[in-house]
Amino acid sequence: MSTLQELLKEKIPAYRAETQRILRDHGDKVLSQVTVQQAYGGMRGVKGMICDTSVVEPDKGLIIRGHPILTIKDLRPEEVFFLLLTGEKPDKEARAALQTEFDRRSQVPEYVWDTIHALPHNTPPMSMLATGILVMQRESVFRQWYDKGMKREDYWLAMLGDALSILAKIPVIAAGVYRIRYYKGSPMTWTHGLDLGANYANMLGLADPEGHLAKLMRLYLNFHSDHEGGNVSANTCHTVGSALSDAYYAVSAGLNGLAGPLHGLANQECIRWILELMERFGGVPTEEQMAEFSFETLRSGRVIPGYGHAVLRVVDPRFTGLHEFGEKYMPEDSVFQCVDRVFKVVPKVLKAYSKERVAAGKNPIANFWPNVDAVSGSLVYHYGLTEFPYYTVLFSVSRVMGMLSQLVLNRAIGSPITRPKSVSTAWIKREMGTKKAAKKPAKKKSSKKASSKKAKRKGR
Ligand code: NMX
Ligand code: MLT
């Protein structure tokens with residue numbers, strides 16, 4: 001098989017032709033209608049962008065290039081990256097070539113460490129990581145080629161160069177952030193020939209005599225690698241990249257989105273909640289105690305981290321895969337046991353609470369099931385990575401695979417600058433008023449219609 005770059009070079013003309021064909025034959029067909037509720041409600045369910053790396057089916061979860069995530073969980077993370085980009089799993093030769101690329105690009109410039117060291121010591125790990133990526137922007141091949149008048153057809157190639165460099169360096173920077181932030185010693189270096197997961201585990205510097213942490217890290221990186229195009233980090237990265245900002249700008253922006261508690265930070269919030277729960281009851285609580293604690297959280301206006309999802313309506317298969325790992329490797333671990341018991345209790349609590357909300361005139365909770373963040377933290381906690389404000393960094397090392405793949409493919413098919421239309425509250429009131437007025441006598445209706453047409457001309 002060809003290398004990643006050769007394979008993309010072969011495939012991209014077909015991607016472009018297909019995009020053109022679809023636009024020519026179906027360009028005027030309707031994908032989605034947008035209600036007022038959706039416009040105010042985070043555009044939930046609005047189909048308004050293209051992403052070929054993966055899809056998330058509400059009843060099945062993550063599917064990467066046609067492969068349900070649990071069927072490809074044992075690939076190496078770089079194989080998943082190859083798959084995201086090309087739709088194919090690499091053969092031995094292509095995998096070796098990719099490994100050489102990472103080995104070659106993994107050296108982190110000294111000024112990155114100087115910058116991270118210069119930050120106040122209580123800087124959150126996610127800020128350190130995003131800063132580390134952003135400060136390397138001066139290395140961008142895309143930026144350098146663009147300044148020299150790069151042709152549009154070559155955008156993807158320059159983006160791929162930046163993508164490989166970021167992906168090779170991010171485990172080194174992320175592990176370095178852990179060691180600097182938590183006084184574990186100097187950053188460690190990449191080992192040539194080791195895969196991304198094992199390398200990352202190794203550079204954290206935690207004891208891993210049986211290689212279980214490395215195994216977990218491979219699984220972790222695969223499960224978090226991508227979640228179609230609309231999640232906050234991917235969508236942010238996509239939007240920034242659409243302005244032809246390079247991958248360093250776009251990825252660091254995406255990471256800042258991942259750092260929110262409703263998105264990637266939920267893995268930290270979740271372990272914090274579990275530890276508080278255990279502290280309150282002096283160990284793994286009973287189901288009744290758990291229900292009491294859960295209701296307390298909800299009634300104080302907070303969310304139960306790790307539960308619910310904007311798209312999924314079933315147990316997240318990523319949760320299932322990580323939970324199986326926990327059952328196999330740490331069934332006696334009290335934190336894991338607590339997570340396991342929470343899984344039995346919280347969906348019922350959320351269901352009951354949702355009814356209370358509806359009775360009080362609020363929105364129902366759409367999904368009572370756990371997402372990936374409900375379990376991921378408990379597994380790394382078992383292996384001694386107990387500094388949970390770091391956990392979103394683990395998610396980040398993985399999610400850059402999806403963000404970067406999407407950036408390369410978007411430049412390949414020539415995606416234009418993102419610019420949805422917003423409307424004002426005044427526009428909503430006027431336009432929705434127009435609809436009501438349609439039932440009124442003819443004279444009033446025409447005057448309202450006229451004002452609505454005028455508003456449309458003004459573009460509001
Ligand atoms: N605990 C309490 N309330 C919840 C929960 C939850 N776990 N999930 C949803 N709700 C509330 C939600 O806050 C919203 O309330 P309001 O109308 O007052 O704003 C209402 O239920 C309806 O929300 P949904 O339509 O069910 O969910 P939405 O698509 O708006 O949000 C999440 C999705 C993931 C943001 C939401 O389920 C949540 O906040 N979950 C907890 C945080 C979490 O686990 N995030 C990680 C997501 C996965 N990731 O890795 O990024
Ligand atoms: C993700 O992995 O990005 C999360 O599950 C959030 C999402 O898909 O909206």
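Counting starts at 1 for both ligands and their atoms, following the listed order.
- Counting only heavy atoms, the protein never gets under 4.0 Å from atom 12 (C) of ligand 1.
- Taking 4.0 Å as the cut-off, His309 counts as a neighbour of ligand 2 on heavy-atom distance.
- Of the protein's non-hydrogen atoms, the one nearest atom 10 (N) of ligand 1 is Ile365 CG1, 3.9 Å.
- Atom 25 (O) of ligand 1 has as its closest protein heavy atom Ala366 CB, 3.8 Å.
- A salt bridge is defined here as a Lys NZ or Arg NE, NH1 or NH2 lying under 4.0 Å from an Asp or Glu carboxylate O, and Lys73 with Glu324 fails to meet this definition.
- Here the heavy atom of the protein found nearest to atom 27 (O) of ligand 1 is His309 O, 4.4 Å.
- For the pair Arg16/Ile12, a side-chain contact is recorded, criterion being any heavy-atom separation below 4.5 Å from C-beta on.
- Proximity of Leu298 to ligand 1, defined as any heavy-atom pair under 4.0 Å, is confined to the side chain (atoms from C-beta onward).
- Residue contacts with ligand 2 for Arg399 involve side-chain atoms from C-beta outward but no N, CA, C or O (heavy atoms, distance under 4.0 Å).
- Looking only at heavy atoms of the protein, atom 8 (O) of ligand 2 is closest to His227 ND1, 2.7 Å.
- Within the 4.0 Å heavy-atom criterion, neither part of Arg44 lies near ligand 2.
- Looking from atom 17 (O) of ligand 1 to the surrounding protein, the closest heavy atom is Asn363 ND2, 2.9 Å.
- The heavy atom nearest to atom 6 (C) of ligand 1, out of those in Asn231, Ile304, Val311, Thr297, is found in Ile304.
- Only side-chain heavy atoms of Phe395 come within less than 4.0 Å of ligand 1; its backbone N, CA, C and O stay farther off.
- Here the heavy atom of the protein found nearest to atom 40 (N) of ligand 1 is Tyr307 O, 2.8 Å.
- Atom 47 (C) of ligand 1 has as its closest protein heavy atom Leu262 O, 3.5 Å.
- Under the 4.0 angstrom criterion, atom 19 (O) of ligand 1 counts as lacking any protein heavy-atom contact.
- Between Ala266 and ligand 1, a contact under 3.5 Å exists for no N or O pair.
- Of all atoms in ligand 1, listed by their number and element, those nearer than 4.0 Å to a heavy atom of Gly306 are 43 (C), 44 (O).
- The residue His224 has no part lying near ligand 2, judged by heavy-atom distances below 4.0 Å.
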| said: Test salt bridge (Lys or Arg N to Asp or Glu O under 4.0 Å) on Arg95 and Glu78; report intermediate values, then the result. | reply: CA-CA 8 Å; Arg95 205 175 63 201; Glu78 40 276 80; over 6 Å; no

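- Closest to atom 9 (O) of ligand 2 among all protein heavy atoms lies Asn231 CB, 3.5 Å.
- Ranking protein heavy atoms by distance to atom 33 (C) of ligand 1, first place goes to Ala310 N, 3.6 Å.
- Where the criterion is an N or O separation shorter than 3.5 Å, residue side chain and backbone included, Leu350 fails it with respect to ligand 1.
- The heavy atom nearest to atom 23 (O) of ligand 1, out of those in Pro364, Gly308, Cys270, is found in Pro364.
- Looking at Glu356 and Arg299, a side-chain N of the basic residue comes within less than 4.0 Å of a carboxylate O on the acidic one, giving a salt bridge.
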